[in-house]
Visitor: 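One structure, as structure tokens, below. Some questions next.
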Amino acid sequence: MSSLQQNTRETGAESVREFDAIVVGAGFAGLYQLLSLRELGLSARVLEAGDGVGGTWYWNRYPGARCDSESYYYSYSFSDELQQEWEWTERYPEQPEIMRYLNYVADKFDLRPDIQLETRVTEARFDEDANRWEIRTEGGERFFTQFLITAVGCLSAANVPDIKGLESFEGDWHHTGGWPHEGVDFTGKRVGVVGTGSTGIQAIPAIAEQAAHLTVFQRTANYSVPARNAPMDPEFQEEVKENYGEIRRKQRESINGHPFDINEQSALEVPEEERQATYEAAWETGGLQFRAAFSDLVVNKEANDTASEFIRDKIRDTVEDPETAEKLTPYDHPFASKRPPIDTGYFETFNRDNVTLVDIKSSPIEEITPKGIRTTDAEYELDSIVFATGFDALTGPLLNLNIRGKGGLSLKEKWSDGPRMYLGLQTAGFPNMFTITGPGSPSVLTNMPTNIEQHVEWISDCIQYMRERGLDHIEATVDAEEAWVEHVNEAADRTLLPLAKSSWYLGANVPGKPRVFMPYAGGLGTYIQKCDHAAAKGYEGFDLTSRAVAAERQG
Ligand code: N01
């Protein structure tokens, strides 16, 4: 019998369900959190808006969607059996392969009975008297739970730009983060793609191959490094499996959750010839480890300039039309100060006869007309528009849950000047609520499954600690939160990341969003040590109490 059946009671027309823990979201985070809570003996339920598991990967099924971390480490490490038996087919897994993997995990660990699909959470409210959360869904269901764990992902609230006239467009339009499951056939169509972040850079080459004509509307030119995707070499896969212990250790001790080695030399301490040879070798290897070519590319502007200029030269060498090449060349931010995209034939795509680049920084979009997109320069007739315009990152998915904590304070009010969390795990005033990879944790600056696993295990250990001691209430203190927010800012300021003024790390892509650097840039290894240290000191920075004992003392 599943915990749903065990904990359901019907009250008139309404069904009210009680659980020890409710997890919102059935992606990498939600699936593992469910398993981990079950192992503690808690009754837990996952509420998921989609009609399948997969989270961000469930929604992002646009053409060309592929992971930018390598398959052998963009995966769970918690089960050696799982990592030994699963066979990856490519260096970077394509979206359908990740979906197969997550569905396999859901079946292998028999998670489905405790996952409720097509259930969108619309409200969560902390009831102080009862010391529990009440959760409401779009379908009118109510749930009560001691612990609320959000596993909603960092990049799951689509940012569809508010452009005048969109509703008048006679063709079809889609945001990449909510792609139709049946796919979209662009054969013979005139397609416009707005946005050249990681998503646009993946989608543009794939759409160009199908469409009659593709017009790319670029606001900010971006750096990109070739992915060099290839079928998985069976020998390499075997070697990885034999060495998983060491690979996972390296990931957890690393800066970004990737197991590759960072060159210990500064880009500035080697002669020009050697520096260029190092970049050439890294370019040939491809992938996110281009950042590891030298030790100081994300912390020293002068060192970074050498990498940025190397990539600019590659763009000029690749793109045949000098005017198009110039438009595609980024000058406004240092390489890797925004999440660096990796690509398969992105710059080469602009050499195709059926592709046009429109610079909407110099000629902004004025409106969408029934026939297409009109900029200050011209009207571009289109049959389809693809918005690869990113997400209301990190905070958006949490604020969409309409969460209210103590005293009825809403998370929206509390975060009106930007997110405030302690360790990215809890926010003061919202007891017994944990966030997996929340603002203030390394999250999007890392290989996500690594940070997710660490968070899930930390949360489960904390709940276990509380249960063993008869504690039922945990809340980050305001002092710990303040100190952590300050530390997050200092950590960002030690890097070049805040220099990218149009970055979604800063919330700059969403009009009206507070400009606050959201993820923790101090490195995953350091971050894990800080989380472990807090736990070892009896959850330092958190108030842990038993409500019954507290009430007795008061009475
Ligand atoms: O979103 P983005 P994304 N008018 O915000 C432009 C992860 N990811 O979906 O830079 C016109 O980076 C915007 O322009 P600007 C990865 O972490 C992972 O591409 O704001 N243009 C930009 O060009 C990534 O970083 C994988 O000036 C507008 C683009 O749209 C994150 O998701 C794959 C606009 C948005 O770029 C987000 O990437 C894909 C407007 N009103 C993504 N608003 C993997 O491989 C925005 N833009 C795992």
Side-chain angles (χ1 to χ4, degrees), residues 27-28 55-57 59-71 74 91-95 97-98 153-164 166 175-179 192-204 206 216-225 227 229 256-258 287-288 328 330 332-333 336-344 346 357-368 373 375 385-394 396 437 442-449 497 500-513 518-519:
F28 267 93
T56 299
W57 290 105
W59 301 105
N60 282 270
R61 47 183 82 209
Y62 56 86
R66 187 183 289 285
C67 187
D68 61 2
S69 297
E70 298 191 37
S71 51
Y74 190 86
R91 179 176 176 189
Y92 304 93
E94 227 184 343
Q95 182 270 347
E97 186 163 24
I98 299 178
C154 302
L155 297 161
S156 51
N159 171 39
V160 179
D162 183 15
I163 302 175
K164 190 174 92 181
L166 179 57
H175 187 279
T176 49
W179 204 254
V193 172
V194 183
T196 53
S198 300
T199 301
I201 282 175
Q202 285 186 335
I204 285 163
V216 176
F217 296 86
Q218 171 193 272
R219 190 162 69 178
T220 306
N222 219 334
Y223 300 91
S224 184
V225 172
N229 186 41
N256 294 115
H258 300 266
L288 288 172
L328 286 165
D332 72 315
H333 65 285
S337 57
K338 288 170 133 182
R339 169 91 174 188
I342 62 168
D343 70 274
T344 302
Y346 174 64
L357 178 68
V358 176
D359 174 7
I360 53 169
K361 191 149 264 171
S362 59
S363 324
I365 294 177
E366 282 203 321
E367 64 173 333
I368 294 179
I373 292 182
T375 69
I385 300 174
V386 174
F387 290 108
T389 43
F391 302 89
D392 182 355
L394 287 129
T437 63
S443 62
V444 290
L445 297 180
T446 69
N447 168 54
M448 288 293 287
L497 298 172
K501 297 300 173 209
S502 65
S503 164
W504 58 261
Y505 294 157
L506 278 164
N509 60 327
V510 178
K513 189 165 173 169
M518 294 181 286

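When a ligand or atom number is given, it counts from 1 through the structure's own listing order.
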Visitor: In chain order, what residues pass the ring pair (Phe, Tyr, Trp, His ring centres under 6.0 Å) check against His258, with sequence neighbours excluded?
Guide: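 For His258 the ring pair (Phe, Tyr, Trp, His ring centres under 6.0 Å) partners, ignoring immediate neighbours, are Tyr73, Phe260.
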Visitor: List for me each residue that meets salt bridge (Lys or Arg N to Asp or Glu O under 4.0 Å) alongside Arg219, sequence neighbours excluded, and say none if there are none.
Guide: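 Partners of Arg219 under the salt bridge (Lys or Arg N to Asp or Glu O under 4.0 Å) test: none.
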Visitor: Does a side-chain N-to-carboxylate-O contact under 4.0 Å join Asp332 and Lys501?
Guide: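 Salt bridge flag = no for Lys501 with Asp332.
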Visitor: Can you find a side-chain donor-acceptor pair between Lys338 and Thr220 that sits under 3.5 Å?
Guide: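 Per modelled atom types, Lys338 and Thr220 side chains form no pair under 3.5 Å.
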Visitor: As a test of reading the model: which residues have a non-hydrogen atom less than 4.0 Å away from ligand 1?
Guide: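 Correct list: Trp57, Tyr62, Arg66, Cys67, Asp68, Leu155, Pro161, Val194, Gly195, Thr196, Gly197, Ser198, Thr199, Gln202, Arg219, Thr220, Lys338, Arg339, Ile360, Ala388, Thr389, Gly390, Phe391, Ser502, Trp504, Asn509.
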Visitor: Are side-chain N/O atoms of Tyr62 and Gln95 paired as donor and acceptor at under 3.5 Å?
Guide: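 Checked: Tyr62/Gln95 side chains show no N/O donor-acceptor pair below 3.5 Å.
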Visitor: Return the set of residues passing salt bridge (Lys or Arg N to Asp or Glu O under 4.0 Å) with Asp359 (not counting sequence neighbours), or none when no residue passes.
Guide: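 If we apply the salt bridge (Lys or Arg N to Asp or Glu O under 4.0 Å) test to Asp359, skipping adjacent residues, there are no hits.
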